[in-house]
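Encoded as structure tokens, the structure appears first; notes follow it.
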Amino acid sequence: MSVRVRFAPSPTGYLHIGAARSALFNWLYARKVGGKFLLRIEDTDLQRSTEESTRSIIEGLEWLGLDYDEDLVFQSANAPQHRGAANRLVEEGKAYRDFTPKEQYDDEDVKQGIAERARVQATEGLDQRSNPYRDLPKEESDRRAAAGEPFAIRLKVANEGQTRFDDIVYGAQERSYAEIEDLVLLRSDGHPLYNLSVVIDDILMGITHVIRGQDHLTNTHKQVLLYEALGAKAPQFAHLPLILAPDKSKLSKRKHGEVVSLTTYRDRGFVPAAFRNFLALLGWSPPEGKEILSEEELIECFSLEGIGRANAIFNFHENDASRWTDDKALWMNAEYIRTMPLDELLPMVKTELRANKLWREEYDDEDSAWFRKTIDLIRQRFFTLKDFSSQGRAYFSDDFDFEEAVVNKNLRKEPRLRELLSGLANKLEEVEPFNAETTKAALRAFADEAGVQPGLLINGSRAMLTGQGVGPSMFEIFELLGRDRSVQRLRSGLPWF
RNA sequence: GGCGCAUUGGUGUAGUUGGUUAACACGCUGCCCUCUCAAGGCAGAGAUCACGGGUUCGAGUCCCGUAUGCGCUACCA
């Protein structure tokens with residue numbers, strides 16, 4: 001039987017990086033074993049589901065390069081089947097109508113309410129099967145339903161026994177029926193509930209392996225019960241450890257902000273392959289210990305058995321802008337930027353420059369050799385794609401900022417520099433040809449004549465030509481910017497004012 | 001409250017059927033290289049493997065308990 005897996009997010013917001021990782025693992029597994037990777041949007045909660053969210057999920061997956069194999073499935077479209085299944089279970093006596101009036105819960109303290117109710121239930125000695133409608137004669141149930149009395153449908157969980165399944169990650173799991181309530185399948189307004197929907201949909205879609213977050217581990221027992229009631233074979237389950245914030249709390253946008261949203265990484269200049277690589281290493285480790293893995297390598301060595309059981313901490317630093325996300329993610333992105341094939345990087349840089357009005361069509365044409373050379377040089381010390389338009393700005397525009405601290409340290413500290421650099425400009429004007437070699441010789445000779453350290457002129461030049469104190473070798477910069485721009489910037493005197 | 005799951009340096013992870021100096025990556029420190037910053041090279045700090053018992057000649061690895069964290073416990077997903 002060929003493998004079919006799915007990623008089934010609910011469209012109630014941005015795509016969370018934890019969800020993105022679930023998608024990735026499903027995708028990797030499908031690609032690894034030659035199975036199908038499907039996408040299902042779980043939009044049964046109509047109140048909270050939005051089209052915008054669905055779009056952002058699809059965009060996110062596309063950005064990560066996780067292509068799905070069949071048509072997108074909307075869970076809401078299967079609602080008739082969900083209801084049909086629930087009614088069938090009632091007919092078969094495996095579920096029952098619960099005419100208890102619906103209670104209203106405050107959305108705020110649901111968790112507390114649950115704990116409170118559980119406590120009361122325990123002290124009053126109520127068990128999970130105390131529902132008065134559980135054993136209502138079928139005729140009466142039918143009659144009341146026909147009379148229009150509202151009801152929810154609950155699964156009739158047997159008194160004795162236990163569910164069991166083997167989780168590929170967490171191992172053998174058992175749970176006694178006594179700990180499982182008669183779960184609601186259908187709300188009194190006819191809406192199918194999550195546990196019913198997933199099971200029906202997974203059956204409908206022929207899912208063979210359910211790979212999802214560990215937060216569903218205990219719910220799985222209910223679902224196993226449903227598979228049994230429906231006479232269907234349960235799929236294999238593999239639950240993934242969760243991704244937590246540094247304080248070990250659940251990662252949430254409300255509490256932790258943008259770092260948890262996948263699109264943030266796209267918007268802040270991550271290379272998709274780098275982020276995918278980083279995500280893969282959260283909770284999973286390759287057998288060889290090699291960490292930088294291409295798409296092919298990732299697929300090749302991926303296995304469900306390599307997934308760990310402990311929750312991983314996503315180590316970002318909330319109050320440190322330069323370490324706004326996990327250090328290793330940032331490092332990996334830099335690693336990709338400086339080592340990936342230039343031809344794959346170029347389109348991303350183009351997009352970035354374009355967004356900042358720094359792109360010129362010539363870069364694709366007569367200046368393409370220059371452009372490639374420039375990108376290849378400056379990418380060596382960049383961390384994100386954003387750096388091409390910020391730190392790299394001086395290479396693409398004459399309108400760039402001078403860093404105050406750099407100007408003070410490399411220019412103002414030595415008053416003679418203004419004249420010296422102007423003199424250097426004169427010297428460079430005569431250099432022929434104009435390249436790294438010749439400018440180097442010229443600068444050194446000039447430093448000798450003037451009786452100053454070459455470093456003084458080099459650092460001063462860097463400040464004048466790029467506005468920055470750090471960057472590539474100065475002579476490479478001269479060559480790249482060319483004689484005219486180099487000379488002009490050296491003479492501009494701009495930063496002195 | 002009940003039930004479940006987890007616990008190896010700051011972070012991510014390796015640690016084969018229990019065997020001797022607990023490994024790798026990121027981060028951090030120092031040195032080299034050097035016009036700066038990276039990269040690279042070298043060196044280093046940092047873990048009594050959550051804690052307490054037990055089994056064993058021997059435990060990060062097996063068993064029990066405790067703690068902590070997380071999850072589920074809903075006519076949310």
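Protein chains get the first letters and strands the later ones, always in sequence-line order, with residue 1 at the start of each. In what follows, every heavy atom counts, from backbone to side chain, and hydrogens, waters and symmetry copies are set aside.
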Do the side-chain N and O atoms of [X] and [Y] include a donor-acceptor pair separated by under 3.5 angstrom?
| X | Y | result |
| --- | --- | --- |
| A:T325 | A:Y265 | yes |
| A:D98 | A:N131 | yes |
| A:R164 | A:Q162 | yes |

- Item | Whole angstrom value for the distance that separates C1' of B:C28 from CG of A:D320 | 14 Å

- Task: Going 5' to 3' through nucleotides 66-72 of chain B, assign each nucleotide B (protein heavy atom under 4.0 Å from a base atom), S (under 4.0 Å only from sugar-phosphate atoms) or - (no protein heavy atom that close).
- Result: ---SSBS

- Message: Could you tell me if the side chain of A:F7 sits less than 4.5 Å from the side chain of A:L38, heavy atoms only?
- Response: no

- Is A:S473 touching bases, backbone alone, or none of the nucleic acid, heavy atoms closer than 4.0 Å? base

- For A:G190, answer base if it contacts any base atom (sugar-phosphate contacts may also be present), sugar-phosphate if it contacts only those atoms, and nothing otherwise; contact means non-hydrogen atoms under 4.0 Å. nothing

Might you list the N or O atoms of the protein lying below 3.5 Å from N or O atoms in nucleotides 45-51 of chain B, with each pair's distance?
none

- Relative to the ring of A:F237, is the ring of A:Y227 parallel (under 30°), tilted (30 to 60°) or perpendicular (over 60°)? perpendicular

- Are the ring centres of A:Y96 and A:Y133 closer than 6.0 Å? no

Got a salt bridge between [X] and [Y], using NZ or NE/NH1/NH2 to carboxylate O under 4.0 Å?
| X | Y | value |
| --- | --- | --- |
| A:K255 | A:E318 | no |
| A:K373 | A:E479 | yes |
| A:R40 | A:D202 | yes |

- Task: Report the C-alpha separation of A:W324 and A:F314 in whole Å, then their side-chain angles, then the decisive distance to 0.1 Å, and conclude whether the ring-ring contact (aromatic ring centres under 6.0 Å, His included) test is met.
- Result: CA-CA 11 Å; A:W324 62 276; A:F314 189 60; 9.0 Å; no

- Give the dot-bracket string for RNA chain B, reading 5' to 3', where a pair is Watson-Crick or G-U wobble with both distances under 3.5 Å, ( ) marks pairs inside the strand, [ ] marks pairs crossing earlier ones, | marks a partner on another strand, and . marks unpaired. (((((((..((((.....[...)))).(((((.......))))).....(((((..]....))))))))))))....

- Inter-nucleotide P distance (B:C28, B:U66), Å rounded: 41 Å

- Item | Pairwise C1' distance, B:A50 and B:G41 [rounded to whole Å] | 38 Å

- Task: Can you check whether any acceptor in the base of B:C37 is under 3.5 Å from a donor in the side chain of A:R381, or vice versa?
- Result: yes

- Message: Just to be sure I understand the geometry, which residues of residues 148-155 of chain A put a non-hydrogen atom under 4.0 Å away from RNA chain B?
- Response: A:A152, A:R154

- Query: By a strict heavy-atom criterion of less than 4.0 Å, which residues belonging to residues 157-168 of chain A are in contact with RNA chain B?
  - Reply: none

List every contact pair, protein side and nucleotides 29-31 of chain B side both N or O, where the distance is under 3.5 Å.
none

- Spell out, as yes or no, whether a donor-acceptor pair under 3.5 Å connects the side chain of A:N333 to the backbone of A:V271. yes

- Item | 5'-most by nearest nucleotide on RNA chain B - A:F382 or A:E179 | A:E179

